[in-house]
Amino acid sequence: MKNTKKILPIASLCAAAAATIFRVFQLLITVDYNEMGFYSSEAGFLPTHGFYLFLLIAAAVFITAVFIDGKNANAAYMGGTGDLTSKQTAVFGLSFLAAACLKFYMLVFSFKSFGIDFFGEAVIFAVFAAIGFILLGSKKIKPFVGYIMLLISISYTLKSASLFMGDTIITRVSDELLLLLSYVSAVFFFLSLGRYFSDNESNGTRKKLLFFASASACLSACASLAGYIALIIDGAYMKEHMEQHPVSEIGIIIIAFTVIFTLYGKKTTLLETDNENDDENA
């Protein structure tokens with residue numbers, strides 16, 4: 001079989017891991033919780049702003065990887081939803097159910113009142129759970145699954161708008177800024193994933209899907225997962241100074257990496273084509 005590049009999966013894993021470590025360091029060292037969560041004025045440029053420089057570099061790497069990998073995408077990587085095996089479809093279903101469980105946990109234990117954010121999370125939970133059971137039950141992706149995913153994008157759009165409008169200094173508070181960026185990336189990620197699931201891809205949909213899957217995994221890791229790791233490292237300090245991060249956003253990491261590694265599976269038709277070419281050359 002023809003050798004193909006697999007830059008994006010490796011880059012995504014490395015970027016998510018590095019972003020998580022960098023953010024844990026910031027939460028424990030450089031964030032001044034006595035000043036409303038701003039960065040400490042004594043932390044220095046790199047500890048304070050180096051993280052955002054890293055995110056920009058990661059975005060540039062993702063874009064480059066998508067285009068380099070994309071040269072072989074049509075010939076070497078998984079095609080449309082019809083090329084997915086029953087096992088791969090089941091893995092998709094399990095990833096959505098895992099995300100739904102995290103959303104359910106958040107709805108039950110984190111929310112104290114009803115509001116736009118609560119109903120947004122409830123819609124996302126319902127759609128995650130529905131998609132998970134449909135994929136596990138049918139073992140194939142039906143086009144309407146992609147269309148109902150539009151509800152997830154709408155919910156994240158409303159969550160982004162609510163978070164942005166609710167805090168006039170959001171760009172200076174790292175916790176809320178990173179959470180906002182993770183919401184925005186989730187909007188485009190699920191829009192692209194919805195087009196893929198509904199078989200409505202255009203020429204650039206696959207590249208957008210892979211880019212926003214990588215971006216969502218990276219941003220959700222530093223916005224949510226890093227907070228829980230910091231909580232494990234120094235629980236007394238973190239509980240005293242900051243609210244718990246949304247655990248439900250870890251579900252996006254699960255779905256995003258499922259998408260990335262599934263779409264980098266090989267087509268079975270390539271094996272047949274390669275064997276025919278080998279016979280002809282012989």
Note to self: Between T205 and S202, is there a side-chain donor-acceptor contact under 3.5 Å, judged purely by atom types and distance?
What the structure shows: yes

Flag the pair [X] / [Y] as yes when at least one side-chain heavy-atom distance between them is below 4.5 Å, and no otherwise.
| X | Y | value |
| --- | --- | --- |
| S220 | L225 | no |
| L178 | F51 | yes |
| F96 | M149 | yes |
| F22 | Q26 | yes |
| L193 | I152 | no |
| I154 | V123 | no |
| L8 | F211 | no |

Judged by atom type as modelled, is there a donor-acceptor pair below 3.5 Å linking the side chain of [X] to the main-chain atoms of [Y]?
| X | Y | value |
| --- | --- | --- |
| S182 | L179 | yes |
| S153 | L191 | yes |
| S155 | L151 | yes |
| R195 | N200 | yes |

So which heavy atom on [X] is nearest to which on [Y], and how close?
| X | Y | answer |
| --- | --- | --- |
| T20 | C222 | OG1-N, 4.4 Å |
| S12 | S214 | OG-OG, 2.7 Å |
| S95 | I255 | O-CG1, 3.8 Å |
| A16 | F257 | CB-CZ, 4.0 Å |
| L135 | K140 | CD2-O, 4.0 Å |
| L27 | A230 | CD1-CB, 4.1 Å |

Notebook entry, point to check: Would you call the rings of F188 and F212 parallel, tilted or perpendicular if under 30° counts as parallel and over 60° as perpendicular?
Noted result: parallel

Checklist line | Pairing residues for S216 by the side-chain contact (heavy atoms from CB on, under 4.5 Å) criterion, not counting sequence neighbours | finding: S185, F189, I252

If you measure from [atom1] on [X] to [atom2] on [Y], what distance do you get to the nearest 0.5 Å?
| X | Y | atom1 | atom2 | value |
| --- | --- | --- | --- | --- |
| F125 | E121 | CZ | CD | 11.5 Å |
| L263 | T258 | CG | OG1 | 10.5 Å |
| T157 | L150 | OG1 | CG | 8.5 Å |
| Y156 | E249 | OH | CD | 4.0 Å |
| I260 | L13 | CD1 | CG | 7.5 Å |
| I124 | L102 | CD1 | CG | 12.5 Å |

Margin query: Tell me which one of T89, L94, V91, I131 satisfies side chain to side chain contact (heavy atoms under 4.5 Å, CB included) with L136.
Written below: L94

Do [X] and [Y] share a hydrophobic cluster (ILVMFWY, side-chain heavy atoms under 4.5 Å, transitive)?
| X | Y | result |
| --- | --- | --- |
| I141 | I254 | yes |
| L219 | V61 | no |
| V108 | I250 | yes |
| L231 | Y105 | yes |
| M106 | L97 | no |

Check: Does a sphere of radius 6.0 Å around CZ in F54 hold more than 12 heavy atoms from other residues, nucleotides or ligands, not counting ones at 6.0 Å or beyond?
Finding: yes

Check: Stepwise, does the side-chain contact (heavy atoms from CB on, under 4.5 Å) test hold for Y196 with V259?
Finding: CA-CA 10 Å; Y196 170 67; V259 168; over 6 Å; no

Checklist line | F190 and F128: CA distance, side-chain angles, deciding distance, ring pair (Phe, Tyr, Trp, His ring centres under 6.0 Å) verdict | finding: CA-CA 11 Å; F190 286 109; F128 277 170; 5.8 Å; yes

Note to self: By the ring-ring contact (aromatic ring centres under 6.0 Å, His included) test, which pairs, at least two apart or in different chains, include something from residues 131-155?
What the structure shows: none

